[in-house]
2 protein chains.
Amino acid sequence: MTKPTPDPRHTLTLRDVSEASGVSEMTVSRVLRNRGDVSGPTREKVLEAARTLGYVPNKIAGALASQRVSLVGVVIPSLSNMVFPEVMTGISGVLEGTGLQPVVGVTNYLPDREESVIYEMLSWRPSGMIIAGLEHSAASRAMLGRAGIPIVEIMDIDGDPINHAVGISHRRAGRQMAEAIIAAGYRKIAFLGTQMPNDFRAKKRLEGFEDALAKAGLTLVDREYYSGGSALLKGREMTANLLGRTPDVDFLYYSNDMIGAGGLLWCLDQGLDVPGRIGLAGFNGVELLDGLPRMLATMDACRLEIGRKAAAIIAAKDTPGEKIELFPTLAPGDTIRR
Amino acid sequence: MTKPTPDPRHTLTLRDVSEASGVSEMTVSRVLRNRGDVSGPTREKVLEAARTLGYVPNKIAGALASQRVSLVGVVIPSLSNMVFPEVMTGISGVLEGTGLQPVVGVTNYLPDREESVIYEMLSWRPSGMIIAGLEHSAASRAMLGRAGIPIVEIMDIDGDPINHAVGISHRRAGRQMAEAIIAAGYRKIAFLGTQMPNDFRAKKRLEGFEDALAKAGLTLVDREYYSGGSALLKGREMTANLLGRTPDVDFLYYSNDMIGAGGLLWCLDQGLDVPGRIGLAGFNGVELLDGLPRMLATMDACRLEIGRKAAAIIAAKDTPGEKIELFPTLAPGDTIRR
DNA sequence: TCTGCTAGTGTTACCGCTAACAGCAGCGCG
DNA sequence: CGCGCTGCTGTTAGCGGTAACACTAGCAGA
């Protein structure tokens, strides 16, 4: 409730601390960064002065002078879907000790927005960039390629990375799930998922899924798409629609766990025999959903590990470009026959 | 998969663009920032050069020279609990048009970590800071107070803000919920919530809740705390424990919707009559949960609006310090008798 | 005694950009 | 015809730090 500027004069600089402690700015700088030799007493004097003044260093100036920026740009499509927060946890954990700090930018699955977020981030000259996905506009790829810093594209490895990639094969994940479903004896299989034209990972999963169906001489008997809204609720609606339209389906493959959970709740409400009469599966392995009446079949996307590995690459900063594939595990849960 | 540094020589600067387009650096700078008069043809030449070179301005240098930083620090306790992503959405939405960019820091509800996150952020000399909560270490408060920028403390207004505050009264929210519960005729009321010693908002809600109970001559008949893990699952466990211990409870007040949802699912599994035999309520109004078999009674925390208002204060940057109270609405759902 | 070294400190020259001001045409006007 | 103006462009001097080097005293070894 006070005014925002209680400045005695201006904002503090190294000079203020140097005057207060009677040494040069350079020595203050050395003390504050723990670099170079400074005698014990001097160090104490300086720290004391900095503390009582309440000096906070100016990283803008420091970064410009040293040509070193302690930021790592992280560009992700969304924060609200449970998957990226976990990736962030992995990233922060590893970056913690390194003096590097993640800065997130959110694109909402819009390529234009992604381009401008990347531009903005690069203009801060970060030490590295972590970006979800392998598909970016030509301009984005060009900017990133030219930036001269390590670039790690995460989540997906089905494609050509600019530099590094850490992720899983969503095509393979789709295929694996399909194989498990077929092996369990389901034959009339439907897909329910996001409409989003730019969720390439979901798209690849579906491709892999359909490939595997084709190999078994099957095709999807129906499909249903949605866009916004509460995922749980959408899952119910979509499932109701689809079963209304195609009552004899015996398996529902959802593009993510949230809508899958909604579908599961609906099926249970209807008293359908799950997984006997009908099976369900999602994708992501969101821990949040442990605690549903029944465990949804799903596939872990290795989110934490992806975050960790990506951060480690940036922190190492010398690694030559490479593709790191992680392998998700299928959790059959209680919604697929065994 | 290529090497990270395809530099023809070094990273581009204004000088490169100025040479490529045959004008001074200053003119290039003017064009790139749309500031001051530049003739049409010159502007074209410059833009063309910048585009073909792939120049990305260096905001570090720009910020240092202009003493203006387009960043807004946002300090929040967690990203994984559904409530802050929505606040972020509100913030980003408002900041979008202003040229300001949010930078988030996560504290995991640890005061020490909060202090260092604040220090880190201030060292980038942001144009403003948005921080969750009103309770901070003395050092944190001092740093923020001295920073000379607008500080907005969000979520809570039960206390003394450093500068601005936007939020709801959690004490009042707790009281209101208690009153509604009592009015509905429940008498044996228990509380289930987070253990976290630093979730001051949850604590205040509980205080308000107990105050209102006391006014009606009631006290909590039991309570149960948890710390980590999947909230839905924890909700189940806690509820099972509590009802095992105190079977005659007739209302369960949860400190958040997720554990409330877990509890609700457990009650339904057990075939308990909700809300007849037992009522339940949570807090937050997370949209995510629409779609549960039954709508949990809850209270919206005005998250989106809090984010918007906070960002607006920073963007306006001249507003004198003030406390803005928002008023959550109680959504009785289907888990409280009417 | 002189040299060479080291630990501790100061000096200088930027880092890449922008504020502020200094030109300098070309023009209308008294 | 000289004045002031407007429209455009360039020049200069930092912003607040840090790298790189210069300096000084003190001391070991030749």
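Chain A is the first sequence line, chain B the second, and so forth, proteins listed ahead of strands; every chain is numbered from 1.
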[X] [atom1] to [N] [atom2]: how many Å, rounded?
{"X": "A/Arg33", "N": "D/dA20", "atom1": "CZ", "atom2": "P", "value": "11 Å"}
{"X": "B/Gln67", "N": "D/dA13", "atom1": "CD", "atom2": "P", "value": "19 Å"}
{"X": "B/Leu64", "N": "C/dA19", "atom1": "CG", "atom2": "P", "value": "12 Å"}
{"X": "A/Arg15", "N": "C/dT11", "atom1": "CZ", "atom2": "C1'", "value": "13 Å"}
{"X": "A/Lys59", "N": "C/dC15", "atom1": "NZ", "atom2": "C1'", "value": "18 Å"}
{"X": "B/Arg35", "N": "D/dC8", "atom1": "CZ", "atom2": "P", "value": "17 Å"}
{"X": "B/Leu14", "N": "D/dG10", "atom1": "CG", "atom2": "C1'", "value": "14 Å"}
{"X": "B/Ile60", "N": "C/dC17", "atom1": "CD1", "atom2": "P", "value": "11 Å"}

Under 3.5 Å, is there a donor-acceptor pair between the side chain of B/Lys323 and the main chain of B/Ile157?
-> yes
In terms of side-chain geometry, is the basic nitrogen of A/Lys45 or A/Glu48 positioned less than 4.0 Å from the acidic oxygen of its partner?
-> no
Salt bridge flag under 4.0 Å for residues B/Glu96 and A/Arg113 | yes
Neighbour count above 12 (heavy atom, 6.0 Å) for A/Arg33 CZ = yes
Pull out every protein N or O sitting under 3.5 Å from an N or O of nucleotides 7-10 of chain C, one pair per line with the distance.
unit_1	atom_1	unit_2	atom_2	d
C/dT9	OP1	A/Ser39	OG	3.2
C/dT9	OP1	A/Thr42	OG1	2.6
C/dT9	OP2	A/Ser39	N	2.9
C/dT9	OP2	A/Ser39	OG	3.3
C/dT9	OP2	A/Thr42	OG1	3.2
C/dG10	OP2	A/Ser24	N	2.8
C/dG10	OP2	A/Ser24	OG	2.7
C/dG10	OP2	A/Thr27	OG1	2.8
C/dG10	N7	A/Arg30	NH2	2.8
C/dG10	O6	A/Arg30	NH1	3.3
C/dG10	O6	A/Arg30	NH2	3.4

Pair A/His164-A/Glu153, side-chain donor/acceptor within less than 3.5 Å = no
Donor-acceptor side-chain pairing of B/Ser70 and B/Gln101 below 3.5 angstrom = no
For C/dG16, does OP1 or OP2 lie under 4.0 Å from any side-chain N or O of B/Tyr55?
-> no
Is there a side-chain polar atom (N or O) of A/Ser29 under 4.0 Å from OP1 or OP2 of D/dG17?
-> no
